[in-house]
Amino acid sequence: MTTTTDPSASAPAQAHDVLFRATGVKKHYPGVKALDGVDLEGYAGEVLAVCGANGAGKSTFAKLLAGVQPLTEGEIQIAGFPHPVRNAAEAEQAGVLMMFQEPLIIDDFTVGENVWLYKLREGRDIRPWATKVDANSDETRQVLAKVGLGGLRTSQLARDLGPGQRQMLSLSRAEVTTHKIMILDETTASTSEEHFNDILDLVKREREAGTHIMFVSHRLNEVFAMSDRIAVLRNGLLVDVLKTSETNPDEIATLMIGQALKALDRPKPAQTEGKQPLVSVRDLHGGTAAGVSFDVFPGEVVGLYGLVGSGRSSVGRTITGQKKAASGTIEIRGEQVQLNSPGAALEKSVVYLTEDRRLEGFVKDFDNGENMSLVVLPKWSKGGVIDSKKERSRVRELISEFQVKGGPKTYTSSLSGGNQQKVVIAKWLESDPDFVVLDEPTKGIDVGARANIYEIIHSVAARDKGVLVISSEAEELLSLCHRILVMRNGQIVAEFDPAEADTDDLIRTALTHQD
Amino acid sequence: MTATATAPAPAAPPEARQGSPVLDWLKSQYALYILVALLLVATITRGSIFWGGTNLTNLLLQMSIIGVVTLAELIVVLTGGIDISVGSALGLAAVIAAGLFGGPSVFLGLVVAIIIGGIVGAVNGWLVAFRGLEPFIVTLGMLALARGLVYAYGNGIPINPTAASSYATLGQTTIIGIPLLAIIWLVMVALIAFLLYRTVWGRRVYAIGSNIEAARSSGIPVKTTLWSVYILAGLLVGLGGWMFLGRFASGTSTAGNLLELEAIAAVVIGGARLSGGYGKVFGAVVGTIIFAVIANLLSLLNVSTFLQDAFRGALILVAVTLATIQFSRKRRTTAPAAK
Amino acid sequence: MTATATAPAPAAPPEARQGSPVLDWLKSQYALYILVALLLVATITRGSIFWGGTNLTNLLLQMSIIGVVTLAELIVVLTGGIDISVGSALGLAAVIAAGLFGGPSVFLGLVVAIIIGGIVGAVNGWLVAFRGLEPFIVTLGMLALARGLVYAYGNGIPINPTAASSYATLGQTTIIGIPLLAIIWLVMVALIAFLLYRTVWGRRVYAIGSNIEAARSSGIPVKTTLWSVYILAGLLVGLGGWMFLGRFASGTSTAGNLLELEAIAAVVIGGARLSGGYGKVFGAVVGTIIFAVIANLLSLLNVSTFLQDAFRGALILVAVTLATIQFSRKRRTTAPAAK
Amino acid sequence: QIYPSSTPAQGPAGGVQPDVSKVVIGFAQQQLQAPYFAAMQVQSEDIAKQKGFKLLFQAANKDPAIQLNQMQAMMAQGANVLVVNATSVKGQKEMMTQVASKIPVIYIDTGVPGTGTTSVSSDNLTIGRESGKLTAKRFLGLGKKSIKMVILTGPATDEFVGPNRRQGFLDGLKEGGLAYEIKGEQSGDYAQDKGQVAAENMLAANPDTDLVLGLNDSMALGGYNVVNGQEKYKNVYVAASADGQKEALALIKSGGCDGRYISTGLNSPSLAAEQALGIAVDIATGAKKPSDFPAESFTKAVGIGCDNIDEYYDPKSIF
Ligand SMILES: Nc1ncnc2c1ncn2[C@@H]1O[C@H](COP(=O)(O)OP(=O)(O)OP(=O)(O)O)[C@@H](O)[C@H]1O
Ligand SMILES: Nc1ncnc2c1ncn2[C@@H]1O[C@H](COP(=O)(O)OP(=O)(O)OP(=O)(O)O)[C@@H](O)[C@H]1O
Ligand SMILES: O[C@@H]1[C@H](O)[C@H](O)CO[C@H]1O
Ligand SMILES: [Mg+2]
Ligand SMILES: [Mg+2]
């Protein structure tokens, strides 16, 4: 809290002071009513969770509040600011700090410079000719440590960070700005359990200081662990606002998707006896993976659990040709393979669904149809010429199968985060792979659609294919997998049968002796 | 978390599309407006001459070579690259096609020109795709190299092929009133449009230009596709060199000089994005026509040589500014406000 | 998920870094290697002449004007833009500074040149920043417009300022053996380096070039910053125009012709990324020197004019290819494997 | 101060050379973009080989800045005398004063008045006039007393050469008794392809044109391509003010006195190169002093038409 841009910010906010008031807020994109008349208030010293299915308008509302998008109708007043904010600079002056679902990171800046990004904002005290702040100071390092990034060098390029680290890096800005309202849009979606604790700490401190925290998440357990009130959005409308203490996850889920959810059964054990392994990995090195061996059998869904940086993605990328292995062997159906590129892997029907949707997930200038067909296009063509009729009809089927909120001609980049993820999953599963690695597949996906995707994953396995699911949510793996491997420091340290393990087992194993 | 919806998935919302597609399309065609405005100016100032058969034939001829080169530039720009060697490469193809074995036949010339263009493209493409070099610097080197070879090949003196008169005839041939060279251009337009819009290759070109990481991790053969793009561009440029011979019946050492600027300009004014991933064949064609009409019109109006460049420049600035006024006014309400 | 691990958050993975920062830096300076190799060749082939005082003075003079223009290009390229009007704008600044009121004084000329450059930059920048137009097409229009105005201003005939001899003196002045023009260049290098590396403005420039959406959403004043970049570039180009007068004592109508290509090339070979967000002043300086040394060397070696272009082109291609062999071999093992 | 003096050098740089084989001559050509210039280089290299001196040859892409760099590099390499085809008549005054203070400068084709030792060029006004007279004669012979014409000019940067050729040609028409009306004037950049496009446009705008004039043969040849074989342009003729380029002479010869390509003016790159290099060698070897030469001398100036074509047409010449 180093700057004070607004006099009222220095006066301690009283609990239950209204910090923002949205009245009749509408946001229409061409052809889409993202928000269609929302009235909502936020109070000082509370955590307001915003829930809703993918595409319900949560991120849109947050962006309006933060001034990065103009409203179509209605207004948002922020306490102490004389008029409704019109842009990001004004929102900053009014004291709004937003953590975007796709974090605002300048790739060509160092980690330290990204912490201090707000220092480049326009404002009375920041003249263009002023010298820039020292981004490698001790203060910077302390701030990074607070968000669990103490191990990063301040002078390292942000380009090299993974999705989880990017989220936490953007969160570090909360430590160096003055704000009255802090918005966390799925900040936890690509982070794992241990980072959640950092976030919890931060939120606690902020809350005690009188900040209003808006928390958007599809992880209902986090919502219940953190929030005071829950606002539920559905199709751009505010359905209800409930006190957290007076409701339960089932009720919220029902409000979100318009129907009740029923508990998902644990998967039936896979029939693997007597079968040849589909994939055998032996003593694999590459990236942070340091000597990994395991098998995946046909019909099996195997989970890979571990902390961020434990080497799961390295394993996933290396066995699917996304990265080259430094050493070790990979066999597919008993045949040793050298997968030197994603293309070579694809020829062997081995694919990898990235955890980095922003960078590798989809093509930003493509519409949903084009993105979904990117991998399978050769199959939908004759002599290199695309069979457009086939493409069109199949894409339409995929869109409804994966419950994507948007048409075949909608640009994927204009979808909500969760819907983008569905498009990416559809793209890969449509290629009908023999072996698929899904890295954080349900990141940002709402509870309803999540169940649907689990079903799809099982139907893939049921066709005698192999699935490896990498996830930071222990509970997800427990409910989805036949077998769970736990990684630590680049090695597989344990194997669990989900029927006989719980989340604590997994977390404890992942944490022990981590250095 | 461990829950499953009992009811079928909620229906997807109606397809998010704004109004009629034709209207949409029209709204974004600002190059087309520039062209229409130019044609209006032409009609008002020099209508009878401009629309006369002779001038239209001239115009078509003036467009066809640069038109083919612009197509080459377009496919490179779509990948996020740039090719500033197109002009020199065209010159090289023309000069060698005119000079090799004495340039005895138009057909042999075609083969030679296309091969030369293809080689230039293959070298450019190899360096860009397999050595990971910046397209700008690679094609800058090629620009100088190819032009230098043109000078060296004929010591700077034009090379007249033995078949000069056949070339001249070729350049003057018309089919139902349309010059053969223009027909070649239009066939190439159709071919490139087909490749870009209807084939797997075309889709890959766009994917690479838009997001090379995503393309790579989706299993697209990025390097070979990139290479093929530069080779195809080279082949088109080689064809352009041959067309140059057809039109001017002589391989001059300045053949194709500065064509790269015009080609890039046509591609960009046609709406393509220089960073790749976005651009249409139709736009490139409109861009080609725009610059040809500007040059033609300034000539027809007999604007003084001293003022031609100033007029051309002012025209470009005014045109692009006006054409986007509507566009940006609209944008101002929807795009994030920024200072 | 419902788990709240009791242990403290584990440290992030160990720092994945290779070696010392100095070594790292050296590894990425491939422009520097090209330069060193060139200097070696120069020393071996024409050492005594090349390193002679006269030639070094000449070299410095040859670099200083393009050096200043390259700085202008650099800041534009850093934003992800491009300015192909720098050469024409330099010509315009030179010609008007020479001609206005008869060009009575060197100092007045400086003011005029800088104002002209600033105006050109302001127009370019306004169209790019506030009207959202493609920098390429805007500056292409400006290229033609400014050059056209140069022609129109003097009907294509060079304009000799009344103070021609003072300009000539200025261009010849040396301070402790270093030409004044070169000192001006070096001062500008220091100034731009200071602005880019030490000020908030500089960081904003990089932020915009790297990720304009993030910059905008972070509250960075994108439009005014962009505008200021083009204006500053214009001022530098104007200064370059005045230096041109100092060097040639005449506002020729070809002043600055094709300088844009050289400036972009210097910026790119110096390691800047044309899509913005990455590039160093040091690199741009090395790039400037590389192209000046190549031209000087080819002259000193008296390479046949017919072959000069071919040599220059081949040299560029070979240099960038060789310089990246190490680089890409390394990359191949760490970068994503691709076909 | 790099060039302390502004008086022209009175002897060869590096002193008088005892022998032609020790002589180094720098030839700073303005550009190579037209065949005329390229031919001059080839000629010069032949002459250097014959006479045995060393020739440094560079071309400047019509850019004074590049030309200065090249001249400096030549001096650094020990050139005794420079032969310069200037890139800008007016724009290089100070620059050439400086250079000429260190080394004798012989201009060829284009000079910078008031600087250097001497200048060897064709008299553009006269060759234009002679060609104009031949063209006038032809039209009068066709029974026309007045014509409509379009002109293909050089680029906007053409300071003296083109305007003189233009003026000379028009004077020649008048002297020859032919009235004319100029319907259009567009730049063909002295190049054949650009000339062809400009001619196309002007003829489309003025279909009743009688004559396409090119200020050099390259452009006129482009104009010829437009009218040749086109029924609608069967009454359009072509002429040039200058050069006597081989291809143009071939057309004059083959068409005879009814040909479409009427005339041109002699502007021989070899004559100029021979004369200029001769002077340069004389100065370098001390056979003559810079002060022995007049400020300007002209090469032979004639018009070439169907009557005297055989004197000038040589199918084996390079230009
Ligand atoms: N730039 C845009 N252009 C067009 N439509 C958009 C744009 N941004 C968002 N939308 C649409 O607005 C709707 C709401 O999107 P929003 O991102 O607010 O959803 P969300 O609730 O955050 O979903 P998620 O849980 O998937 O993140 C979606 O239908 C989306 O497609
Ligand atoms: N085979 C490989 N060779 C070289 N680098 C690799 C390889 N595989 C992965 N990497 C790189 O290793 C780094 C670490 O990967 P990342 O943090 O995504 O996953 P991880 O360490 O496996 O952790 P997590 O368990 O959180 O997925 C990344 O920069 C990645 O690009
Ligand atoms: O004298 C030369 C030749 O005529 C050439 O063809 C064009 O430029 C002129 O300067
Ligand atoms: Mg969202
Ligand atoms: Mg990971």
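In the text below, chain A, chain B and the rest are named by the order of the sequence lines, each starting its count at 1. Worth knowing before you read on, the calculation uses all heavy atoms, side chains too, and leaves out hydrogens, waters and symmetry mates.
In terms of heavy-atom pairs under 4.5 angstrom with chain A, the leader among Gly277(C), Gly209(C), Ser217(C) is Ser217(C). Among the candidates Ser210(C), Ala214(C), Gly202(C), the residue making the largest number of heavy-atom pairs closer than 4.5 Å to chain A is Ser210(C).
Cation-pi contact between Arg203(C) and Phe109(A): present, with separation from the ring centre below 6.0 Å and deviation from the ring axis of at most 45°. Under a cutoff of 6.0 Å and an axis angle of 45°, Arg121(A) and Tyr118(A) do not form a cation-pi pair.
Neither the backbone nor the side chain of Leu506(A) comes within contact range of chain C; no heavy atom of the residue lies under 4.5 Å from a heavy atom of that chain. For Glu90(A), no part sits under 4.5 Å from any heavy atom of chain C, backbone or side chain. Looking at Phe224(A), neither its backbone nor its side chain comes within 4.5 Å of chain C, counting heavy atoms on both sides.
In this structure, Tyr197(C) and Tyr206(C) have parallel ring planes: the angle between them is below the 30° cut-off, well short of the 60° mark.
Side-chain contact, Ser472(A) with Arg312(A): a donor N or O sits under 3.5 Å from an acceptor N or O.
Salt bridge present: Arg450(A) and Glu473(A) bring a charged side-chain N and a carboxylate O closer than 4.0 Å.
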